[in-house]
Amino acid sequence: MASLVFVTGGVVSSLGKGLSAAALAAILESRGLKVTLVKLDPYINVDPGTMSPFQHGEVYVTGDGAETDLDLGHYERFVRTRMGQLNNCTSGRIYSNVIAKERRGDYLGATVQVIPHVTDEIKDWVIRASEGYDIAMIEIGGTVGDIESLPFLEAIRQLGVEYGKNAMFMHLTLVPFLRAANEIKTKPTQHSVKELRSIGIQPDILLCRSEIELSKAERDKIALFTNVPTKAVITALDAKNSIYDIPKMLYDEGLDDLIVEGFGLEDKVGEANLDDWLEVVDRTINTRHEVTVAIVGKYVEHHDAYKSLTEAIAHGGLRQRIKVNIKRLESEDLMGNDLSSLEDVDAILVPGGFGERGFEGKVNAIRHARENGIPYLGICYGMQAAVVEFARNVCGLEGANTTETDPETPHKVIGLITEWLDASGSVEKRDEECDLGGTMRLGGQQCRLKEGSLARRLYGREIVTERHRHRYEFNNHYRDIFQKNGMVLSGLSMDETLVEIIELPDHPWFLACQFHPEFTSSPRDGHPLFTGFIEAALIEQQGEVPKGVARL
Ligand code: GLN
(Lines give C-alpha, C1' and ligand atoms only; values in the text may rest on other atoms or scores of the structure.)
Protein backbone atom coordinates (compact mmCIF):
# COMPACT_ATOMS: atom_id res chain seq x y z
CA MET A 1 0.00 0.00 0.00
CA ALA A 2 1.36 3.40 -0.97
CA SER A 3 1.50 6.22 1.54
CA LEU A 4 -0.52 9.21 0.37
CA VAL A 5 0.34 12.91 0.60
CA PHE A 6 -2.67 15.09 -0.20
CA VAL A 7 -1.80 18.55 -1.44
CA THR A 8 -4.43 21.27 -1.16
CA GLY A 9 -4.31 25.03 -1.60
CA GLY A 10 -6.02 27.91 0.15
CA VAL A 11 -6.47 31.70 0.10
CA VAL A 12 -5.73 32.23 -3.61
CA SER A 13 -5.05 30.14 -6.70
CA SER A 14 -1.71 29.98 -8.50
CA LEU A 15 0.29 29.29 -5.36
CA GLY A 16 2.34 26.72 -7.20
CA LYS A 17 0.88 23.56 -5.68
CA GLY A 18 1.96 21.55 -8.69
CA LEU A 19 5.52 22.81 -8.63
CA SER A 20 5.82 22.33 -4.87
CA ALA A 21 4.44 18.80 -5.08
CA ALA A 22 6.76 17.98 -7.98
CA ALA A 23 9.81 19.44 -6.27
CA LEU A 24 9.06 17.54 -3.06
CA ALA A 25 8.62 14.37 -5.11
CA ALA A 26 12.03 15.01 -6.68
CA ILE A 27 13.70 15.09 -3.25
CA LEU A 28 11.89 11.93 -2.15
CA GLU A 29 12.88 10.19 -5.37
CA SER A 30 16.50 11.13 -4.77
CA ARG A 31 16.22 9.42 -1.38
CA GLY A 32 15.38 6.18 -3.13
CA LEU A 33 11.60 6.18 -2.87
CA LYS A 34 9.29 5.27 -5.72
CA VAL A 35 7.05 8.29 -6.07
CA THR A 36 4.12 9.13 -8.29
CA LEU A 37 1.91 12.22 -8.54
CA VAL A 38 -1.79 12.54 -9.30
CA LYS A 39 -3.75 15.66 -10.17
CA LEU A 40 -7.46 15.74 -9.31
CA ASP A 41 -9.19 18.58 -11.15
CA PRO A 42 -12.64 19.72 -10.01
CA TYR A 43 -13.90 21.01 -13.37
CA ILE A 44 -16.56 19.17 -15.37
CA ASN A 45 -14.61 18.69 -18.62
CA VAL A 46 -13.87 14.98 -19.00
CA ASP A 47 -10.28 15.94 -19.76
CA PRO A 48 -8.57 19.23 -20.61
CA GLY A 49 -8.28 18.19 -24.28
CA THR A 50 -11.16 20.39 -25.37
CA MET A 51 -10.19 23.41 -23.26
CA SER A 52 -8.75 26.52 -24.87
CA PRO A 53 -5.10 27.19 -24.08
CA PHE A 54 -6.18 30.81 -23.53
CA GLN A 55 -8.19 29.74 -20.51
CA HIS A 56 -6.35 26.83 -19.10
CA GLY A 57 -2.83 26.87 -20.45
CA GLU A 58 -1.37 24.09 -22.52
CA VAL A 59 -2.81 20.61 -22.81
CA TYR A 60 -0.06 18.25 -21.75
CA VAL A 61 0.08 14.87 -23.48
CA THR A 62 1.42 11.76 -21.75
CA GLY A 63 3.20 8.82 -23.36
CA ASP A 64 0.04 6.72 -23.21
CA GLY A 65 -1.97 9.45 -24.93
CA ALA A 66 -3.82 11.16 -22.08
CA GLU A 67 -4.62 14.84 -22.65
CA THR A 68 -3.95 16.31 -19.25
CA ASP A 69 -3.47 19.35 -17.07
CA LEU A 70 -0.17 21.15 -17.48
CA ASP A 71 0.84 20.23 -13.93
CA LEU A 72 1.64 16.78 -15.25
CA GLY A 73 4.34 18.45 -17.31
CA HIS A 74 5.91 19.79 -14.11
CA TYR A 75 5.70 16.32 -12.61
CA GLU A 76 7.52 14.72 -15.53
CA ARG A 77 10.17 17.42 -15.57
CA PHE A 78 10.93 16.86 -11.88
CA VAL A 79 10.68 13.09 -11.44
CA ARG A 80 11.68 9.99 -13.40
CA THR A 81 8.26 8.34 -12.96
CA ARG A 82 6.27 8.68 -16.20
CA MET A 83 2.71 9.98 -16.05
CA GLY A 84 -0.28 8.39 -17.78
CA GLN A 85 -4.06 8.15 -17.96
CA LEU A 86 -4.39 7.51 -14.22
CA ASN A 87 -2.38 10.56 -13.16
CA ASN A 88 -5.03 13.14 -14.01
CA CYS A 89 -8.68 12.89 -13.16
CA THR A 90 -11.48 15.45 -13.41
CA SER A 91 -14.98 15.68 -11.94
CA GLY A 92 -16.21 15.14 -15.48
CA ARG A 93 -14.37 11.82 -15.71
CA ILE A 94 -15.63 10.72 -12.30
CA TYR A 95 -19.22 11.63 -13.10
CA SER A 96 -19.13 9.99 -16.51
CA ASN A 97 -17.86 6.76 -14.87
CA VAL A 98 -20.56 6.93 -12.21
CA ILE A 99 -23.30 7.60 -14.75
CA ALA A 100 -22.07 4.76 -16.99
CA LYS A 101 -22.23 2.42 -14.00
CA GLU A 102 -25.70 3.64 -13.10
CA ARG A 103 -26.90 3.01 -16.68
CA ARG A 104 -25.40 -0.48 -16.58
CA GLY A 105 -27.29 -1.22 -13.38
CA ASP A 106 -24.13 -1.68 -11.32
CA TYR A 107 -25.66 0.11 -8.35
CA LEU A 108 -28.49 -2.43 -8.15
CA GLY A 109 -31.26 0.11 -7.89
CA ALA A 110 -29.65 2.32 -5.24
CA THR A 111 -30.19 6.07 -5.29
CA VAL A 112 -26.92 7.33 -6.76
CA GLN A 113 -25.45 10.12 -4.64
CA VAL A 114 -22.33 12.23 -4.24
CA ILE A 115 -21.61 10.39 -1.01
CA PRO A 116 -20.87 7.50 -1.33
CA HIS A 117 -20.98 6.86 -5.07
CA VAL A 118 -19.02 9.81 -6.39
CA THR A 119 -16.60 9.80 -3.46
CA ASP A 120 -16.06 6.04 -3.82
CA GLU A 121 -15.22 6.52 -7.49
CA ILE A 122 -12.65 9.17 -6.55
CA LYS A 123 -11.16 6.96 -3.83
CA ASP A 124 -10.90 4.01 -6.21
CA TRP A 125 -9.11 6.22 -8.72
CA VAL A 126 -6.58 7.42 -6.15
CA ILE A 127 -5.93 3.90 -4.90
CA ARG A 128 -5.44 2.55 -8.43
CA ALA A 129 -3.13 5.41 -9.41
CA SER A 130 -0.96 4.95 -6.32
CA GLU A 131 -0.56 1.17 -6.59
CA GLY A 132 3.03 0.02 -6.81
CA TYR A 133 4.56 3.21 -5.38
CA ASP A 134 6.02 4.02 -1.96
CA ILE A 135 4.47 7.47 -1.98
CA ALA A 136 1.76 9.07 -4.10
CA MET A 137 1.32 12.81 -3.98
CA ILE A 138 -2.31 13.67 -4.68
CA GLU A 139 -2.83 17.30 -5.70
CA ILE A 140 -6.35 18.72 -5.57
CA GLY A 141 -6.88 21.47 -8.15
CA GLY A 142 -8.60 24.73 -7.19
CA THR A 143 -8.80 26.33 -3.77
CA VAL A 144 -10.34 25.06 -0.56
CA GLY A 145 -13.79 26.59 -0.29
CA ASP A 146 -14.69 26.13 -3.96
CA ILE A 147 -18.05 24.41 -4.33
CA GLU A 148 -16.70 22.18 -7.09
CA SER A 149 -13.88 20.66 -5.09
CA LEU A 150 -16.05 19.48 -2.19
CA PRO A 151 -16.53 15.87 -3.37
CA PHE A 152 -12.77 15.54 -3.82
CA LEU A 153 -12.07 16.95 -0.37
CA GLU A 154 -14.64 14.62 1.16
CA ALA A 155 -13.05 11.67 -0.64
CA ILE A 156 -9.56 12.52 0.61
CA ARG A 157 -10.91 13.09 4.12
CA GLN A 158 -12.27 9.54 4.03
CA LEU A 159 -8.99 8.21 2.65
CA GLY A 160 -7.21 10.03 5.47
CA VAL A 161 -9.26 8.06 7.98
CA GLU A 162 -8.79 4.76 6.14
CA TYR A 163 -5.06 5.17 5.61
CA GLY A 164 -4.39 6.49 9.14
CA LYS A 165 -0.66 7.00 9.57
CA ASN A 166 -0.15 6.33 5.88
CA ALA A 167 -1.82 9.57 4.86
CA MET A 168 -0.63 13.15 5.32
CA PHE A 169 -2.20 16.43 4.37
CA MET A 170 -0.05 19.28 3.09
CA HIS A 171 -1.76 22.63 2.65
CA LEU A 172 -0.36 25.59 0.71
CA THR A 173 -1.38 29.04 1.77
CA LEU A 174 -0.43 32.62 1.11
CA VAL A 175 1.18 34.71 3.84
CA PRO A 176 1.09 38.22 2.40
CA PHE A 177 3.63 40.85 3.33
CA LEU A 178 2.06 44.26 3.82
CA ARG A 179 4.60 46.85 2.84
CA ALA A 180 2.80 49.76 4.50
CA ALA A 181 2.67 47.98 7.85
CA ASN A 182 6.04 46.31 7.20
CA GLU A 183 4.77 43.01 8.45
CA ILE A 184 3.39 39.72 7.28
CA LYS A 185 -0.20 38.70 7.86
CA THR A 186 -1.12 35.25 9.10
CA LYS A 187 -4.87 35.73 9.20
CA PRO A 188 -5.63 34.40 5.68
CA THR A 189 -3.71 31.24 6.59
CA GLN A 190 -5.68 30.85 9.80
CA HIS A 191 -8.94 31.21 7.90
CA SER A 192 -7.92 28.83 5.19
CA VAL A 193 -7.00 26.13 7.69
CA LYS A 194 -10.25 26.78 9.56
CA GLU A 195 -12.11 26.15 6.31
CA LEU A 196 -10.21 22.92 5.77
CA ARG A 197 -10.87 21.77 9.34
CA SER A 198 -14.56 22.54 8.97
CA ILE A 199 -14.73 19.78 6.39
CA GLY A 200 -12.82 17.43 8.65
CA ILE A 201 -9.29 17.77 7.35
CA GLN A 202 -6.49 18.70 9.76
CA PRO A 203 -3.34 19.58 7.82
CA ASP A 204 -0.07 17.99 8.92
CA ILE A 205 2.14 20.43 7.04
CA LEU A 206 1.63 24.05 6.03
CA LEU A 207 3.61 25.40 3.13
CA CYS A 208 3.40 29.15 3.52
CA ARG A 209 4.07 31.02 0.30
CA SER A 210 5.72 34.24 1.36
CA GLU A 211 8.01 36.94 0.05
CA ILE A 212 10.13 36.86 3.17
CA GLU A 213 11.30 34.11 5.50
CA LEU A 214 8.85 33.67 8.38
CA SER A 215 10.37 34.16 11.81
CA LYS A 216 10.10 31.56 14.55
CA ALA A 217 7.55 33.77 16.33
CA GLU A 218 5.39 33.99 13.23
CA ARG A 219 5.55 30.26 12.67
CA ASP A 220 4.69 29.70 16.33
CA LYS A 221 1.68 31.92 15.93
CA ILE A 222 0.46 30.07 12.83
CA ALA A 223 1.10 26.77 14.63
CA LEU A 224 -0.96 27.88 17.61
CA PHE A 225 -3.96 28.82 15.50
CA THR A 226 -3.85 25.83 13.19
CA ASN A 227 -2.81 22.87 15.37
CA VAL A 228 0.14 22.23 13.08
CA PRO A 229 3.50 21.77 14.87
CA THR A 230 5.85 24.72 14.39
CA LYS A 231 8.46 22.59 12.65
CA ALA A 232 5.84 21.68 10.04
CA VAL A 233 5.02 25.33 9.31
CA ILE A 234 7.35 25.90 6.41
CA THR A 235 8.22 29.03 4.49
CA ALA A 236 8.09 28.55 0.75
CA LEU A 237 9.77 31.55 -0.81
CA ASP A 238 9.55 32.40 -4.50
CA ALA A 239 12.38 30.78 -6.45
CA LYS A 240 14.52 33.69 -7.60
CA ASN A 241 16.66 32.14 -10.29
CA SER A 242 14.92 29.06 -11.48
CA ILE A 243 12.03 26.79 -10.58
CA TYR A 244 14.62 24.00 -10.49
CA ASP A 245 15.90 25.62 -7.30
CA ILE A 246 12.74 24.57 -5.47
CA PRO A 247 13.85 21.03 -4.53
CA LYS A 248 16.91 22.50 -2.78
CA MET A 249 14.82 25.23 -1.11
CA LEU A 250 12.30 22.74 0.26
CA TYR A 251 15.09 20.40 1.31
CA ASP A 252 16.71 23.25 3.27
CA GLU A 253 13.42 23.69 5.12
CA GLY A 254 13.41 19.99 6.02
CA LEU A 255 10.19 19.21 4.16
CA ASP A 256 11.27 15.76 2.94
CA ASP A 257 12.15 14.71 6.50
CA LEU A 258 8.67 15.61 7.68
CA ILE A 259 7.23 13.21 5.10
CA VAL A 260 9.76 10.45 5.70
CA GLU A 261 9.32 10.66 9.49
CA GLY A 262 5.57 11.06 9.21
CA PHE A 263 5.35 7.77 7.34
CA GLY A 264 8.04 6.06 9.42
CA LEU A 265 10.21 5.42 6.37
CA GLU A 266 13.53 6.40 8.02
CA ASP A 267 15.00 2.92 7.64
CA LYS A 268 14.00 2.63 4.04
CA VAL A 269 15.53 5.79 2.64
CA GLY A 270 18.98 7.19 1.96
CA GLU A 271 20.25 10.76 2.06
CA ALA A 272 18.84 13.18 -0.48
CA ASN A 273 21.14 13.79 -3.43
CA LEU A 274 20.26 17.01 -5.21
CA ASP A 275 23.42 17.30 -7.31
CA ASP A 276 21.47 17.10 -10.58
CA TRP A 277 19.32 20.05 -9.54
CA LEU A 278 22.26 22.11 -8.36
CA GLU A 279 23.86 21.47 -11.73
CA VAL A 280 20.73 22.54 -13.61
CA VAL A 281 20.49 25.75 -11.58
CA ASP A 282 24.20 26.46 -12.00
CA ARG A 283 23.87 26.09 -15.78
CA THR A 284 20.81 28.33 -15.73
CA ILE A 285 22.51 31.13 -13.82
CA ASN A 286 26.09 30.96 -14.99
CA THR A 287 25.64 31.29 -18.72
CA ARG A 288 28.31 31.99 -21.34
CA HIS A 289 26.19 32.86 -24.34
CA GLU A 290 22.85 34.43 -25.08
CA VAL A 291 20.51 33.87 -28.03
CA THR A 292 17.01 35.02 -28.95
CA VAL A 293 14.42 32.68 -30.38
CA ALA A 294 11.13 33.86 -31.87
CA ILE A 295 8.03 31.80 -31.17
CA VAL A 296 5.48 32.59 -33.85
CA GLY A 297 2.12 31.42 -32.59
CA LYS A 298 -1.43 32.13 -31.70
CA TYR A 299 -1.49 31.90 -27.93
CA VAL A 300 1.64 33.94 -27.33
CA GLU A 301 0.04 36.26 -24.80
CA HIS A 302 -1.14 33.57 -22.48
CA HIS A 303 1.64 32.78 -20.08
CA ASP A 304 0.97 29.07 -19.71
CA ALA A 305 -0.20 28.23 -23.22
CA TYR A 306 3.30 27.13 -24.27
CA LYS A 307 4.57 26.00 -20.88
CA SER A 308 6.36 22.81 -21.94
CA LEU A 309 7.67 24.54 -25.04
CA THR A 310 9.30 27.43 -23.21
CA GLU A 311 10.75 25.00 -20.67
CA ALA A 312 12.15 22.79 -23.44
CA ILE A 313 13.71 25.81 -25.16
CA ALA A 314 15.43 26.78 -21.92
CA HIS A 315 16.61 23.19 -21.38
CA GLY A 316 18.02 23.29 -24.90
CA GLY A 317 20.51 25.95 -23.80
CA LEU A 318 21.72 24.22 -20.65
CA ARG A 319 24.34 21.93 -22.22
CA GLN A 320 26.34 24.85 -23.58
CA ARG A 321 25.25 27.34 -20.91
CA ILE A 322 23.25 29.40 -23.36
CA LYS A 323 20.71 31.83 -21.99
CA VAL A 324 17.74 31.78 -24.31
CA ASN A 325 15.51 34.83 -24.62
CA ILE A 326 12.14 34.18 -26.12
CA LYS A 327 10.47 36.71 -28.35
CA ARG A 328 6.78 35.89 -28.57
CA LEU A 329 5.22 36.99 -31.83
CA GLU A 330 1.55 36.89 -32.69
CA SER A 331 1.38 35.18 -36.09
CA GLU A 332 -1.47 37.43 -37.17
CA ASP A 333 0.96 40.36 -37.05
CA LEU A 334 3.17 38.67 -39.65
CA MET A 335 0.52 38.32 -42.33
CA GLY A 336 1.76 41.22 -44.45
CA ASN A 337 5.14 42.15 -45.90
CA ASP A 338 6.57 43.63 -42.73
CA LEU A 339 8.68 40.94 -41.12
CA SER A 340 11.00 43.38 -39.37
CA SER A 341 10.15 41.88 -35.98
CA LEU A 342 12.06 38.76 -37.10
CA GLU A 343 15.23 40.65 -37.93
CA ASP A 344 16.92 40.56 -34.55
CA VAL A 345 16.25 36.91 -33.75
CA ASP A 346 18.75 34.07 -34.02
CA ALA A 347 16.22 31.33 -34.69
CA ILE A 348 12.53 30.87 -35.41
CA LEU A 349 10.12 28.32 -33.99
CA VAL A 350 6.52 27.70 -35.01
CA PRO A 351 4.78 25.58 -32.38
CA GLY A 352 1.66 23.45 -32.42
CA GLY A 353 -1.68 25.12 -33.00
CA PHE A 354 -5.15 24.80 -34.38
CA GLY A 355 -7.36 26.64 -36.84
CA GLU A 356 -7.08 29.13 -39.59
CA ARG A 357 -6.35 32.35 -37.74
CA GLY A 358 -2.81 33.59 -38.27
CA PHE A 359 -1.77 30.57 -40.35
CA GLU A 360 -0.46 32.70 -43.23
CA GLY A 361 1.72 34.62 -40.75
CA LYS A 362 3.37 31.36 -39.78
CA VAL A 363 3.93 30.48 -43.43
CA ASN A 364 5.53 33.90 -43.96
CA ALA A 365 7.84 33.51 -40.97
CA ILE A 366 8.92 30.08 -42.21
CA ARG A 367 9.66 31.44 -45.69
CA HIS A 368 11.80 34.12 -44.06
CA ALA A 369 13.71 31.45 -42.08
CA ARG A 370 14.17 29.21 -45.11
CA GLU A 371 15.30 31.93 -47.50
CA ASN A 372 17.64 33.62 -45.05
CA GLY A 373 19.31 30.57 -43.56
CA ILE A 374 17.86 31.19 -40.09
CA PRO A 375 17.58 28.04 -37.95
CA TYR A 376 14.00 26.82 -37.94
CA LEU A 377 12.23 24.30 -35.75
CA GLY A 378 8.62 23.47 -36.61
CA ILE A 379 6.43 21.51 -34.25
CA CYS A 380 3.21 19.83 -35.39
CA TYR A 381 1.28 22.74 -36.95
CA GLY A 382 4.73 24.26 -37.42
CA MET A 383 5.69 21.27 -39.59
CA GLN A 384 2.44 21.43 -41.51
CA ALA A 385 2.97 25.14 -42.19
CA ALA A 386 6.53 24.39 -43.35
CA VAL A 387 5.17 21.78 -45.77
CA VAL A 388 2.65 24.30 -47.14
CA GLU A 389 5.37 26.95 -47.52
CA PHE A 390 7.70 24.55 -49.35
CA ALA A 391 4.89 23.33 -51.60
CA ARG A 392 3.98 26.84 -52.69
CA ASN A 393 7.36 28.53 -52.92
CA VAL A 394 9.74 25.73 -53.85
CA CYS A 395 7.66 23.05 -55.55
CA GLY A 396 5.52 25.65 -57.34
CA LEU A 397 2.23 24.13 -56.20
CA GLU A 398 0.10 27.24 -56.28
CA GLY A 399 -2.56 27.52 -53.61
CA ALA A 400 -1.21 24.49 -51.73
CA ASN A 401 -2.56 24.34 -48.20
CA THR A 402 -3.70 22.25 -45.30
CA THR A 403 -7.37 21.37 -45.47
CA GLU A 404 -7.66 22.63 -41.91
CA THR A 405 -7.44 26.20 -43.20
CA ASP A 406 -8.61 25.71 -46.80
CA PRO A 407 -10.77 22.66 -47.47
CA GLU A 408 -11.01 23.58 -51.17
CA THR A 409 -7.28 23.87 -51.85
CA PRO A 410 -6.12 22.40 -55.20
CA HIS A 411 -3.14 20.83 -53.42
CA LYS A 412 -4.02 19.19 -50.12
CA VAL A 413 -0.42 18.76 -49.06
CA ILE A 414 -1.69 18.36 -45.50
CA GLY A 415 -5.07 16.80 -44.82
CA LEU A 416 -7.00 14.31 -42.76
CA ILE A 417 -5.82 10.85 -43.79
CA THR A 418 -9.30 10.14 -45.11
CA GLU A 419 -9.07 13.17 -47.37
CA TRP A 420 -6.00 12.00 -49.23
CA LEU A 421 -6.11 8.24 -48.94
CA ASP A 422 -7.41 6.28 -51.97
CA ALA A 423 -11.00 5.26 -51.82
CA SER A 424 -9.68 1.73 -51.28
CA GLY A 425 -7.80 2.90 -48.19
CA SER A 426 -8.26 1.11 -44.95
CA VAL A 427 -9.07 4.14 -42.81
CA GLU A 428 -12.73 4.68 -42.22
CA LYS A 429 -14.30 7.93 -43.32
CA ARG A 430 -14.35 10.43 -40.52
CA ASP A 431 -17.80 11.29 -39.31
CA GLU A 432 -18.21 15.05 -39.67
CA GLU A 433 -20.43 15.18 -36.61
CA CYS A 434 -18.11 13.19 -34.42
CA ASP A 435 -17.02 14.29 -30.95
CA LEU A 436 -14.08 16.62 -30.67
CA GLY A 437 -12.72 15.08 -27.45
CA GLY A 438 -10.12 12.33 -27.77
CA THR A 439 -10.31 12.04 -31.56
CA MET A 440 -6.73 12.88 -32.43
CA ARG A 441 -3.61 10.82 -33.00
CA LEU A 442 -2.45 10.92 -29.43
CA GLY A 443 0.50 9.83 -27.36
CA GLY A 444 3.84 8.17 -27.86
CA GLN A 445 4.52 6.50 -31.21
CA GLN A 446 7.69 5.13 -32.71
CA CYS A 447 9.46 6.78 -35.58
CA ARG A 448 12.38 5.52 -37.67
CA LEU A 449 15.07 8.05 -38.57
CA LYS A 450 16.80 8.09 -41.92
CA GLU A 451 20.48 7.29 -42.01
CA GLY A 452 22.64 10.36 -42.61
CA SER A 453 19.93 12.87 -41.66
CA LEU A 454 20.20 15.71 -39.16
CA ALA A 455 17.53 14.06 -37.01
CA ARG A 456 19.49 10.80 -36.90
CA ARG A 457 22.67 12.63 -35.94
CA LEU A 458 20.95 14.60 -33.18
CA TYR A 459 19.17 11.66 -31.60
CA GLY A 460 22.11 9.34 -32.12
CA ARG A 461 19.84 6.36 -32.79
CA GLU A 462 17.53 4.90 -35.35
CA ILE A 463 14.21 4.54 -33.55
CA VAL A 464 12.68 7.12 -31.25
CA THR A 465 9.33 7.43 -29.49
CA GLU A 466 7.66 10.81 -29.49
CA ARG A 467 4.23 12.11 -28.47
CA HIS A 468 1.53 13.21 -30.89
CA ARG A 469 -1.58 15.35 -30.70
CA HIS A 470 -3.07 16.15 -34.10
CA ARG A 471 -5.60 15.12 -36.72
CA TYR A 472 -3.94 16.16 -39.97
CA GLU A 473 -1.03 14.45 -41.74
CA PHE A 474 1.44 14.95 -44.58
CA ASN A 475 -0.23 13.80 -47.84
CA ASN A 476 1.80 10.88 -49.18
CA HIS A 477 0.87 11.66 -52.78
CA TYR A 478 3.27 14.59 -52.59
CA ARG A 479 6.28 12.72 -51.21
CA ASP A 480 8.04 12.43 -54.58
CA ILE A 481 7.69 16.03 -55.63
CA PHE A 482 8.92 17.25 -52.24
CA GLN A 483 11.93 14.95 -52.33
CA LYS A 484 12.77 15.95 -55.91
CA ASN A 485 12.83 19.56 -54.74
CA GLY A 486 15.28 18.86 -51.95
CA MET A 487 13.23 18.09 -48.87
CA VAL A 488 14.31 15.04 -46.90
CA LEU A 489 11.63 13.00 -45.17
CA SER A 490 13.94 12.04 -42.36
CA GLY A 491 11.47 10.41 -39.99
CA LEU A 492 8.70 7.99 -40.92
CA SER A 493 6.27 5.99 -38.81
CA MET A 494 7.41 2.38 -38.37
CA ASP A 495 5.07 1.16 -41.11
CA GLU A 496 6.34 4.03 -43.30
CA THR A 497 2.83 5.31 -43.95
CA LEU A 498 3.18 8.63 -42.13
CA VAL A 499 5.76 11.38 -42.45
CA GLU A 500 6.99 12.39 -39.00
CA ILE A 501 10.04 14.60 -39.66
CA ILE A 502 11.10 16.78 -42.56
CA GLU A 503 14.36 18.65 -43.03
CA LEU A 504 16.25 20.71 -45.61
CA PRO A 505 19.89 19.63 -45.97
CA ASP A 506 20.74 22.74 -48.03
CA HIS A 507 19.84 24.95 -45.10
CA PRO A 508 22.03 25.50 -42.00
CA TRP A 509 19.35 24.03 -39.71
CA PHE A 510 15.79 23.46 -40.83
CA LEU A 511 13.84 20.66 -39.22
CA ALA A 512 10.18 20.15 -38.44
CA CYS A 513 8.37 17.29 -36.77
CA GLN A 514 4.79 16.11 -36.64
CA PHE A 515 5.10 15.21 -32.94
CA HIS A 516 5.70 17.31 -29.82
CA PRO A 517 9.29 16.96 -28.56
CA GLU A 518 8.64 19.55 -25.83
CA PHE A 519 6.69 16.99 -23.82
CA THR A 520 9.71 14.74 -23.38
CA SER A 521 12.31 17.40 -22.65
CA SER A 522 13.53 17.59 -19.08
CA PRO A 523 16.00 19.91 -17.37
CA ARG A 524 18.32 17.07 -16.51
CA ASP A 525 18.41 15.46 -19.96
CA GLY A 526 17.24 18.17 -22.35
CA HIS A 527 15.93 16.97 -25.72
CA PRO A 528 18.19 16.44 -28.74
CA LEU A 529 16.02 18.49 -31.10
CA PHE A 530 15.91 21.50 -28.77
CA THR A 531 19.57 21.23 -27.82
CA GLY A 532 20.53 21.03 -31.50
CA PHE A 533 18.22 23.92 -32.38
CA ILE A 534 19.49 26.28 -29.68
CA GLU A 535 23.09 25.47 -30.51
CA ALA A 536 22.35 26.15 -34.17
CA ALA A 537 20.93 29.54 -33.09
CA LEU A 538 24.22 30.30 -31.35
CA ILE A 539 26.23 29.26 -34.40
CA GLU A 540 24.00 31.41 -36.61
CA GLN A 541 24.54 34.37 -34.30
CA GLN A 542 28.33 33.96 -34.11
CA GLY A 543 28.77 33.03 -37.75
CA GLU A 544 30.88 30.05 -36.69
CA VAL A 545 30.99 27.27 -34.11
CA PRO A 546 32.11 29.16 -30.98
CA LYS A 547 35.21 27.97 -29.17
CA GLY A 548 34.52 25.31 -26.58
CA VAL A 549 31.21 24.40 -28.14
CA ALA A 550 31.30 20.84 -29.37
CA ARG A 551 28.67 20.77 -32.07
CA LEU A 552 25.87 18.34 -31.32
N1 GLN B 1 -4.07 21.50 -36.12
C2 GLN B 1 -3.12 20.52 -36.55
C3 GLN B 1 -3.72 19.12 -36.56
O4 GLN B 1 -4.72 18.88 -35.89
C5 GLN B 1 -1.88 20.56 -35.69
C6 GLN B 1 -2.12 20.20 -34.28
C7 GLN B 1 -0.98 20.58 -33.38
O8 GLN B 1 -0.18 21.41 -33.74
N9 GLN B 1 -0.92 20.01 -32.21
O10 GLN B 1 -3.21 18.25 -37.21
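When a ligand or atom number is given, it counts from 1 through the structure's own listing order. Counting begins at 1 with the first residue of the sequence.
- Here the protein heavy atom with the shortest distance to atom 4 (O) of ligand 1 is R471 N, 3.0 Å.
- Taking atom 5 (C) of ligand 1 as the reference point, the nearest protein heavy-atom neighbour is G353 O, 3.3 Å.
- At the top of the distance list for atom 7 (C) of ligand 1, counting protein heavy atoms only, stands C380 SG, 3.0 Å.
- Set against the non-hydrogen atoms of Y472, the atoms of ligand 1 under 4.0 Å away are 3 (C), 4 (O), 10 (O).
- Atoms CE and NZ, on M335 and K362 in that order, are 10.5 Å from each other to the nearest 0.5 Å.
- Counting non-hydrogen atoms of other residues, nucleotides and ligands closer than 6.0 Å to CG of N337 gives a total of 12 or fewer.
- Proximity of the aromatic rings of Y381 and F354 is defined here by a centroid distance below 6.0 angstrom, and this criterion is not met.
- Heavy-atom neighbours of K450 NZ from other residues, nucleotides or ligands within 6.0 Å: at or below the threshold of 12.
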Derivation and outcome, side-chain hydrogen bond (donor to acceptor under 3.5 Å, both in side chains), residues E466 and H527: CA-CA 11 Å; E466 292 284 6; H527 185 290; 2.7 Å; yes

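- Residue Q514 places no N or O, backbone or side chain, under 3.5 Å from any N or O of ligand 1.
- Using 4.0 Å as the threshold, Q384 has a heavy atom nearer than that to some atom of ligand 1.
- For the ligand labelled ligand 1, residue H516 lies inside the 4.0 Å heavy-atom shell.
- Of the candidates E76, E500, E67, E76 is the only one forming a salt bridge (charged side-chain N to carboxylate O under 4.0 Å, His left out) with R467.
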